[in-house]
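These notes are about the structure you will find just below.
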Amino acid sequence: MLDIDCFSFMNRALESDLAPVLVVASNRGITRIRGTTYKSPHGIPLDLLDTLLITTKPFNENEIRKILQLRSEDVEIMENGLNFLTRIDLDTSLRYAMYLITSSGQKEE
């Protein structure tokens, strides 16, 4: 159980250039931060919690196209094919589109 002093130390450590990787696991829900009267999710101060969270967003069409273009360097692909794969990715998943590139590059022996 960490208290407010430990959280302050971790917050300072995460701001340095040589910041460590920090993995936090908790099932405490909204509870009191030890050493204070404040409540927050998992008992972690909100400013530290905001620092720890990694937000993600879906790739846009141009980013998907660039990824597919990089992954298809070993396979000869026309511009129309790249456009089609980009649409497939938007409808299904990036993994499926890359699987199609990989399987299309297989040669019969």
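Everything numeric in this text was worked out from a predicted model, so none of it was measured.
- Under the 4.5 Å side-chain criterion, counting only non-hydrogen atoms from C-beta, P41 is in contact with L49.
- Taken to the nearest 0.5 Å, the OG1 atom of T86 stands 13.0 Å off from the CZ atom of F59.
- With hydrogens and angles ignored, the 3.5 Å screen pairs a side-chain donor or acceptor of E63 with a backbone N or O of N60.
- Looking only at distances, no side-chain donor or acceptor of R87 sits under 3.5 Å from a matching main-chain atom of D91.
- One finds the CD1 atom of I67 at 12.0 Å from the OG atom of S72 (value rounded to the nearest 0.5 Å).
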Take I101 and D74, measure what side-chain contact (heavy atoms from CB on, under 4.5 Å) needs, and give me the verdict at the end. CA-CA 9 Å; I101 292 172; D74 298 336; over 6 Å; no

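- At least one side-chain heavy atom of L14 sits under 4.5 Å from a side-chain heavy atom of L48.
- Taking CZ of R95 as the reference point, atom CG of L100 lies at 13.5 Å (rounded to 0.5 Å).
- The nearest pair of heavy atoms linking P45 to S40 is N-OG, 4.1 Å.
- Between the side chain of T31 and the backbone N or O of R28 there is no donor-acceptor pair closer than 3.5 Å.
- Between Y96 and D89, every side-chain heavy-atom pair lies at or beyond the 4.5 Å cut-off.
- Note that the OH atom of Y99 and the CG atom of L94 stand 15.5 Å from one another [nearest 0.5 Å].
- For the atom pair CZ (R71) and CD (E73), the distance works out to 10.0 Å, reported to the nearest 0.5 Å.
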If you apply the rule side-chain contact (heavy atoms from CB on, under 4.5 Å), what do you find for I44 with I33, and how did you get there? CA-CA 6 Å; I44 299 173; I33 302 168; over 6 Å; no

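- Using a 4.5 Å cut-off on side-chain heavy atoms (C-beta onward), R34 and I4 make no contact.
- Hydrophobic cluster membership differs between L46 and F9, with clusters built from Ile, Leu, Val, Met, Phe, Trp and Tyr side chains linked at under 4.5 angstrom.
- Contact record, F7 with G43: CE1-O, 3.3 Å, taken as the closest heavy-atom pair.
- Taken to the nearest 0.5 Å, the OG atom of S8 stands 8.0 Å off from the CG atom of D47.
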Between L2 and M10, is a side-chain contact (heavy atoms from CB on, under 4.5 Å) present by the stated rule, with each step listed? CA-CA 10 Å; L2 301 174; M10 285 193 307; 3.8 Å; yes

